[in-house]
There are 2 protein chains.
Amino acid sequence: MEYSRTPYQQSAALLRALSHPVRLSLLNVLCEEEQCVCHLTALVGKRQAYISQQLAELRRVGVVTMRKEGLRVYYRVTDARVRVILKSLETPRGAQRPAHGCECPKCADKGG
Amino acid sequence: MEYSRTPYQQSAALLRALSHPVRLSLLNVLCEEEQCVCHLTALVGKRQAYISQQLAELRRVGVVTMRKEGLRVYYRVTDARVRVILKSLETPRGAQRPAHGCECPKCADKGG
DNA sequence: AAAGTATATTCAAGAAATGGAATATTCAAG
DNA sequence: CTTGAATATTCCATTTCTTGAATATACTTT
């Protein structure tokens with residue numbers, strides 16, 4: 001698992017953790033404010049064990065943190081990027097400016 | 001595969017397409033401006049067929065579009081969310097305000 | 001139409017994610 | 001220390017992702 005050469009490895013791992021319907025809905029709630037597991041379980045409408053699994057996944061990449069208080073466990077978002085990303089998902093798609101010619105390194109800068 | 005109830009399904013698919021080191025590096029280049037496949041291949045340093053595979057994946061979720069011009073094929077980003085997300089990945093993590101009590105629907109709003 | 005170039009697609013095997021079931025852990029109360 | 005409640009973890013079968021290899025397609029030139 002020698003997976004840490006490109007700077008994209010870590011970003012990819014973050015995005016992968018987010019790229020799941022249930023985890024997204026969890027984060028969406030958590031982005032507002034800290035919540036306990038029972039709340040999250042009720043909101044998402046899945047088994048508690050399953051919710052815990054998904055929360056563990058989110059912890060694994062460090063986007064949420066848990067805090068115990070008696071029997072309850074409270075989760076909250078600890079990575080600001082999550083909010084930006086979740087918010088951007090609501091954004092309309094939008095397009096981009098057209099094109100221009102090609103200046104491949106393969107074509108122009110070919111001196112290996 | 002009856003997977004289209006939550007609005008998160010589609011967002012998750014988008015994020016999943018992005019959550020890959022090679023695809024991220026492709027998008028990073030494409031976010032600047034349109035590029036041809038040979039350019040992308042040279043930049044990323046992988047086999048051409050492989051790059052095409054990843055570009056196809058990105059096309060599948062609609063974040064890039066291809067345009068033919070002779071033998072060359074030019075790709076460009078067509079989903080504004082991609083830029084926001086990629087940019088946010090460079091952002092420092094940042095933390096969040098503390099906590100408060102719990103008001104589970106399970107606890108308070110229990111009238112099922 | 002044959003040959004060459006740039007790019008796309010298909011196939012398959014190994015790796016990883018998914019989600020259910022059972023079970024373990026932790027804390028509070030008695 | 002036993003019981004019960006809230007949450008976490010482990011195990012496993014199934015599905016999905018990954019990526020190399022081979023091959024196909026599309027366009028240009030001759």
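These numbers were taken from a predicted model, which means no experiment stands behind them. Numbered from 1 within each chain, the chains take letters A, B, ... in sequence-line order.
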So, the side chain of B:Ser52 versus the backbone of B:Ala49: is there a donor-acceptor pair under 3.5 Å, distance only? no
Under 3.5 Å, side chain of A:Ser88 to main-chain N/O of A:Ile85, donor-acceptor pair present? yes
[atom1] of [X] versus [atom2] of [N]: gap in Å, rounded?
X       : N      : atom1 : atom2 : answer
B:Gln48 : D:dA21 : CD    : P     : 14 Å
A:Gln54 : D:dT7  : CD    : P     : 16 Å
B:Leu40 : C:dA6  : CG    : C1'   : 13 Å
B:Glu57 : D:dT18 : CD    : P     : 7 Å
A:Arg72 : C:dA29 : CZ    : P     : 12 Å
B:Leu71 : C:dA6  : CG    : C1'   : 5 Å
A:Leu26 : D:dT7  : CG    : P     : 13 Å
B:Ile51 : D:dT19 : CD1   : C1'   : 12 Å

Out of D:dA8, D:dT19, C:dT7, which nucleotide sits closest to the side chain of B:Cys36? C:dT7
Could you check which of C:dA16, C:dT7, D:dA8 has an atom nearest any side-chain atom of A:Arg16? C:dA16
Mind checking whether B:Val73 and B:Cys36 have side chains closer than 4.5 Å, heavy atoms only? no
So, is [X] near the phosphate of [N], with a side-chain N or O under 4.0 Å from OP1 or OP2?
X       : N      : result
B:His20 : D:dT19 : yes
A:Arg23 : C:dT18 : yes
B:Tyr75 : C:dA8  : yes
A:Arg47 : C:dG19 : no
B:Arg60 : C:dT9  : no

Would you kindly compare B:Ala49 and B:Val22 by the position of their nearest DNA chain D nucleotide and give the one closer to the 5′ end? B:Val22
Under 4.0 Å, counting only non-hydrogen atoms across every strand here, what does A:Gln53 touch: a base, just sugar-phosphate, or nothing? base
Remember a base hit wins even if backbone is also touched, and classify A:Lys68 as base, sugar-phosphate or nothing at under 4.0 Å, heavy atoms. sugar-phosphate
Show, in sequence, the C-alpha distance, side-chain angles and deciding distance for A:Leu18 and A:Arg23, and conclude whether the side chain to side chain contact (heavy atoms under 4.5 Å, CB included) test is met. CA-CA 6 Å; A:Leu18 305 198; A:Arg23 293 197 289 267; over 6 Å; no
Rounded distance [0.5 Å steps], NE2 in B:His20 versus OG in A:Ser19: 12.0 Å
Sole candidate of A:Leu26, A:Leu30, A:Val29 that passes side chain to side chain contact (heavy atoms under 4.5 Å, CB included) when paired with A:Val77: A:Leu30
Pick the nucleotide of DNA chain C nearest each of A:Ser19 and B:Ala56; which residue has the one closer to the 5' end? B:Ala56
Could you tell me whether B:Glu34 and B:Arg67 have a side-chain N and a carboxylate O separated by less than 4.0 Å? yes
Which stems does DNA chain C form, counting runs of 3 or more consecutive Watson-Crick or G-U wobble pairs with both distances under 3.5 Å? C:1-30 with D:1-30
Could you go through residues 55-65 of chain B and list every donor-acceptor pair under 3.5 Å that involves a side-chain atom there, pairing it with any protein atom two or more places apart or in another chain?
from, atom 1, to, atom 2, distance (Å)
B:Glu57, OE1, B:Arg60, NH1, 2.8
B:Thr65, OG1, B:Thr78, OG1, 3.4

